[in-house]
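As structure tokens, the structure follows; a few thoughts come after it.
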Amino acid sequence: MLALECAPGSNLDVMRLSFGIKTTPAHVDYADIVRVWQEADEIEEIEHAWLYDHLLPRVGPGPIQESELAGPVYEGWTLLAALAAQTRRLRLGLMVTNNRIRRPAVLAKMAATVDVISGGRLEFGLGIGGFPRRDPRFETMVAPEYKAYGIEPRPWTEAVADFAESCEIIRRLWTEEVFDYTGRHHRLRAARCNPKPVQRPHPPFLVAGAGQATLGLVADHADIWNVIGPPVNPIEALRRHSTTLDELCIARGRDPREITRSAQIVITYDNPDSTRNTLRQLATAGFTHLVLSLPSPYPRDVAHWVADELIIPVRRTLDGLPPR
């Protein structure tokens, strides 16, 4: 395990780096995802693995092509349960679950089941879901999926409030025997979740996003905070968001060191130097939970390639050793 001295200005003194992979379950065969996860499960340098939570196969900016929407995409939690049963070591989760798709009590039950299936390896990723309507990305990245599945795109302020209630409900279902709940968005009577998750007191909460409202939710509820790294969000922007999160935690009386900083980046197979450089920058900026999103189609032995060409060289150079 690598202990890393933090960059100046960080409020963490020593950090532990962990690396994971992400396989987007769209435009790819189920057998290929299983192959990559089972290969990664045998490689100690890869500690966690992730899927995404979308119901249409295309998520990205720009004009939508019909061919992008017509391909296969697997439902995240169902697929995660299957992969949990076919791996033994990897920690696993969705990066991240869309809180608008499922009712929180049902989601808590699903996640507890996956934690049991995996023997206590779930990391529970949750996000508000999409973007505010005023954001130009809403029409291309959110609206088609919501319209296709009849999901109501409520105002962002309502989605934020719903998210906060969901976090409370899920945590209570995992830690209490039975309770009633009356909120603005959710009402439960004699709510219970049995079996509970294997992990005690509960699986870690990973919350994704860097907007001001989201960072407040991270400070309130998260054990891990995840962002998209370069080139989408430059390192300096991520540093600023991390400082803002520190301030929000302190204002709430919470130690910022309780929240692990996580970042995901899309790797390139033909330019590992660029990926290694980005990973080093993220690590020295205080992001210690690093997720490598693998473009499909997945090359043969891709998990070994990730370990040999990316993870091991980055660890060595951060330890002051030559890459090989």
Side-chain angles (χ1 to χ4, degrees), residues 11 50 52-54 76 93-108 110-111 122-135 137-138 141-142 146 151-175 181-186 188 197 201-229 232-233 237-264 286-289 291:
N11 61 0
W50 303 85
Y52 80 176
D53 188 28
H54 287 282
L94 266 60
M95 189 166 278
V96 289
T97 307
N98 183 340
N99 185 59
R100 304 197 203 198
I101 293 177
R102 304 167 191 83
R103 304 290 287 181
V106 175
L107 178 58
M110 294 164 57
L122 176 68
E123 299 200 353
F124 181 70
L126 192 63
I128 296 172
F131 303 95
R133 288 190 186 218
R134 66 179 179 275
D135 190 309
R137 292 171 293 182
F138 178 86
M141 299 176 67
V142 179
Y146 283 18
I151 299 166
E152 177 64 32
R154 293 177 296 166
W156 188 249
T157 54
E158 289 190 21
V160 170
D162 187 307
F163 183 95
E165 289 188 14
S166 294
C167 288
E168 181 182 354
I169 288 168
I170 291 165
R171 197 181 302 270
R172 291 184 66 182
L173 280 163
W174 287 346
T175 58
Y181 182 88
T182 301
R184 199 172 96 202
H185 298 280
H186 302 283
L188 309 176
H202 52 72
F205 270 67
L206 179 150
V207 177
Q212 189 69 24
T214 303
L215 288 175
L217 295 169
V218 172
D220 288 334
H221 301 287
D223 302 297
I224 306 169
W225 166 51
N226 178 260
V227 292
I228 298 175
V232 176
N233 292 303
L238 297 182
R239 288 181 186 271
R240 291 194 298 271
H241 294 318
S242 188
T243 298
T244 298
L245 177 58
D246 290 349
E247 295 167 351
L248 291 168
C249 286
I250 292 168
R252 288 161 166 76
R254 185 176 185 189
D255 187 343
R257 291 174 295 182
E258 295 177 359
I259 302 177
T260 298
R261 270 62 168 174
S262 171
Q264 57 176 309
F287 291 83
T288 60
H289 182 276
V291 179

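Please read these numbers as outputs of a predicted model, since none were measured by experiment. The first residue of the sequence shown is numbered 1, and numbering continues consecutively from there.
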Check your understanding: So, do Glu158 and Arg184 sit near enough that their side-chain heavy atoms are less than 4.5 Å apart?
Key -> yes
Exercise for review: Measure the CG-CG distance between Leu122 and Leu94 for me, rounded to the nearest 0.5 Å.
Suggested key: 9.0 Å
**Study point:** Considering all heavy atoms, the nearest Phe138-Pro153 contact
**Key:** CZ-CB, 3.7 Å
Practice item. Evaluate the criterion side-chain contact (heavy atoms from CB on, under 4.5 Å) for residue pair His241 and Val227; output intermediate values, then yes/no. Key: CA-CA 10 Å; His241 294 318; Val227 292; 5.7 Å; no
Review point. Counting N and O atoms only, with roles assigned by atom type, does the side chain of Gln264 sit under 3.5 Å from a partner on the main chain of Asn226, one being a donor and the other an acceptor?
Key: no
**Study point:** Contacts of Ser166 that satisfy side chain to side chain donor-acceptor pair (under 3.5 Å) - sequence neighbours left out
**Key:** Asn99, Asp162
Point to revise | Closest non-hydrogen atom pair, Thr97 against Gly125 | key: OG1-O, 2.8 Å
Practice item. Over all heavy atoms of both residues, which pair between Ala208 and Val96 is shortest? Give the atoms and the distance, please. Key: CB-CG1, 3.6 Å
Review point. So, for Leu173 and Ala105, which heavy atoms are closest and what is the spacing to 0.1 Å?
Key: CD1-CA, 3.6 Å
Review point. Taking side chain as C-beta onward, heavy atoms only, is Ile259 less than 4.5 Å from Arg254?
Key: yes
Check your understanding: When you measure from the side chain of Trp174 to the backbone N and O of Pro201, does any donor-acceptor pair fall under 3.5 Å?
Key -> no
**Study point:** Short side-chain to backbone donor-acceptor contact, Asp53 and Asn98, under 3.5 Å
**Key:** yes
**Study point:** Closest contact, heavy atoms only, Phe287 versus Ser262
**Key:** CD2-O, 3.7 Å
Practice item. Report yes or no: does Thr243 contribute a side-chain atom to a donor-acceptor pair with the main-chain N or O of Arg239 at less than 3.5 Å? Key: yes
Check your understanding: side-chain contact (heavy atoms from CB on, under 4.5 Å) between Val160 and Ile128: does it pass, once the steps are laid out?
Key -> CA-CA 6 Å; Val160 170; Ile128 296 172; 3.7 Å; yes
Revision key, fill the gap. Distance col, row Glu247:CD vs Ser242:OG, nearest 0.5 angstrom, shows 10.0 Å
Check your understanding: Should Val207 and Phe163 be marked as a side-chain contact (heavy atoms from CB on, under 4.5 Å) after you check the CA-CA gap, both sets of side-chain angles, and the distance that decides it?
Key -> CA-CA 10 Å; Val207 177; Phe163 183 95; 3.8 Å; yes
Review point. Once you round to the nearest 0.5 Å, how far does OH of Tyr181 lie from CG of Leu188?
Key: 8.0 Å
Revision key, fill the gap. Looking only at heavy atoms, the pair that brings Glu152 and Arg100 closest together is O-NH1, 4.5 Å
Revision key, fill the gap. Output for pair (Leu206 CG, Trp50 CH2), nearest 0.5 Å, gives 5.0 Å
Review point. Are Ile250 and Pro256 close enough that some pair of their side-chain heavy atoms sits under 4.5 Å apart?
Key: yes
Exercise for review: Determine, step by step, whether Arg261 and Leu238 satisfy the side-chain contact (heavy atoms from CB on, under 4.5 Å) criterion, reporting the C-alpha distance in whole Å, the side-chain angles of both residues, the deciding distance to 0.1 Å, and the verdict.
Suggested key: CA-CA 10 Å; Arg261 270 62 168 174; Leu238 297 182; over 6 Å; no
Point to revise | Euclidean distance, His185 NE2 relative to Arg154 CZ, rounded to 0.5 Å | key: 6.0 Å
Review point. Nearest 0.5 Å, what's the CZ-CG distance between Phe124 and Leu107?
Key: 4.0 Å
For a quick test of your reading: what N or O donor-acceptor pairs under 3.5 Å do the side chains of residues 211-225 make, sequence neighbours left out?
residue	atom	partner	partner atom	Å
Asp220	OD1	Arg252	NE	2.5
Asp223	OD2	Phe205	N	2.8
Trp225	NE1	Gly209	O	2.7

